[in-house]
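Scope of the values below: all heavy atoms of this structure, side chains included, with no hydrogens, waters or symmetry mates.
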Amino acid sequence: MEAVAVIDFETTGLSPAQGDRATEIAALIVHDGKVVDRYQSLMNAGVRIPPYIQALTGISDAMVRAAPPAAEVMREVADFVGDRPLVAHNAAFDCKFWDAELARIERRRRQEFACSLLLSRRILPQAPSHKLGALVEFAGLPLAGRSHRALADAEMAASLLRHLEDELRRRYQVREVSHELLRRIQGTPKAKLAQCLAGHRQAR
DNA sequence: TGCCAGGCCCTCTTTAGGGCCTT
């Protein structure tokens, strides 16, 4: 697959529309299944983190106060990612924060997201849960560190993405996996997956 | 202090409801 950027945000809550802000971001450049570059930073958006979120992520108000301003971090990470297609686990969530934080620095997203959650529901329907950590365990992939920290979660999403690519090649005989094909798969109803992949199968 | 969202997907569905997933 072409180089893509796998990203993960930690935030103060679930909705930028309700005033929630990003507290940490990680972005990994993944090429042919390998992580070739990494960016990670806490960011200071000048907001308090609710105690239950601090308990969930381990990211405290003090840690964020000592971090660079959110605007500076978002400029850096947007430049780091460039025009590469994006991937995230439950991308609807990360897409909302990516767009909202970019809008604050008067920049706009130039590429589409693929979603490893939607993909795993189709490619690994037998998994007992489609939470990131549960999928990593189900697939026998290595744990990357503390869950609910941006870099560890991005590393796990990148290794899940590679596993999903491998499954498409092995189990579904897909010749070449591209970001565009992933987008097509995630937008296809589960029952029509075989039909969606028919034109992408290896000749046997 | 307590509360807040939204898209996907299944089913005892489609004139709807509720669980899953992200923090």
Non-hydrogen side-chain atoms of A:Tyr172 and A:His200 separated by less than 4.5 Å: no
B:dG19 versus B:dC12 - spacing of their P atoms, nearest Å: 15 Å
A:Asp20 versus A:Ser15, side-chain donor and acceptor atoms under 3.5 Å: no
Strand contacts (DNA chain B) in residues 59-75 of chain A, 4.0 angstrom heavy-atom criterion: none
Pairwise side-chain contact, A:Leu168 with A:Ile185, heavy-atom cut-off 4.5 Å (strictly under): yes
Interatomic distance at C1', B:dT22 relative to B:dC4, whole Å: 15 Å
Interatomic distance, A:Glu165 atom CD to A:Leu182 atom CG [nearest 0.5 angstrom]: 6.5 Å
C1'-based separation of B:dG6 from B:dT23 [nearest Å]: 13 Å
Qualifying residue, where the test is salt bridge (charged side-chain N to carboxylate O under 4.0 Å, His left out) with A:Asp79 and the options are A:Arg84, A:Arg107, A:Arg110: A:Arg107
NZ/A:Lys96: more than 12 non-hydrogen atoms of other groups inside 6.0 Å: yes
Salt bridge (Lys or Arg N to Asp or Glu O under 4.0 Å) partners of residues 43-54 of chain A, not counting sequence neighbours, each pair once: A:Arg48-A:Asp61
A:Arg108 atom CZ: more than 12 heavy-atom contacts under 6.0 Å: no
Other ILVMFWY residues reachable from A:Leu118 by side-chain steps of under 4.5 Å: none
Nearest-angstrom distance from the residue atom CG of A:Asp20 to P of B:dC3: 16 Å
Rounded P spacing from B:dG7 to B:dC3 in Å: 24 Å
Gap in Å between the two P atoms, one belonging to B:dC21 and one to B:dT14, rounded: 24 Å
Atom-pair distance (NZ on A:Lys190; P on B:dG7), nearest Å: 20 Å
Qualifying residues under ring pair (Phe, Tyr, Trp, His ring centres under 6.0 Å), relative to A:Phe97, sequence neighbours excluded: A:Phe93
Side-chain N or O of A:Arg122 closer than 4.0 Å to phosphate OP1/OP2 of B:dC9: yes
Scan nucleotides 16-18 of chain B against the protein and return all N/O pairs shorter than 3.5 Å with their distances rounded to 0.1 Å.
none

Parallel, tilted or perpendicular: ring planes of A:Phe80 versus A:Tyr39, cut at 30 and 60 degrees: tilted
Integer angstrom distance from the C1' of B:dT15 to that of B:dC20: 25 Å
Every protein N/O lying under 3.5 Å from an N/O of nucleotides 19-23 of chain B:
{"from": "B:dC21", "atom 1": "OP1", "to": "A:His130", "atom 2": "N", "distance (Å)": "2.5"}
{"from": "B:dC21", "atom 1": "OP2", "to": "A:Ser129", "atom 2": "OG", "distance (Å)": "3.3"}
{"from": "B:dC21", "atom 1": "O2", "to": "A:Asn90", "atom 2": "ND2", "distance (Å)": "3.0"}
{"from": "B:dT22", "atom 1": "OP1", "to": "A:Leu132", "atom 2": "N", "distance (Å)": "2.7"}
{"from": "B:dT22", "atom 1": "O4'", "to": "A:Asn90", "atom 2": "ND2", "distance (Å)": "2.8"}
{"from": "B:dT23", "atom 1": "OP1", "to": "A:Asp153", "atom 2": "OD2", "distance (Å)": "3.3"}
{"from": "B:dT23", "atom 1": "OP2", "to": "A:His148", "atom 2": "ND1", "distance (Å)": "3.2"}
{"from": "B:dT23", "atom 1": "O3'", "to": "A:Glu10", "atom 2": "OE1", "distance (Å)": "2.7"}
{"from": "B:dT23", "atom 1": "O3'", "to": "A:Thr11", "atom 2": "N", "distance (Å)": "3.0"}

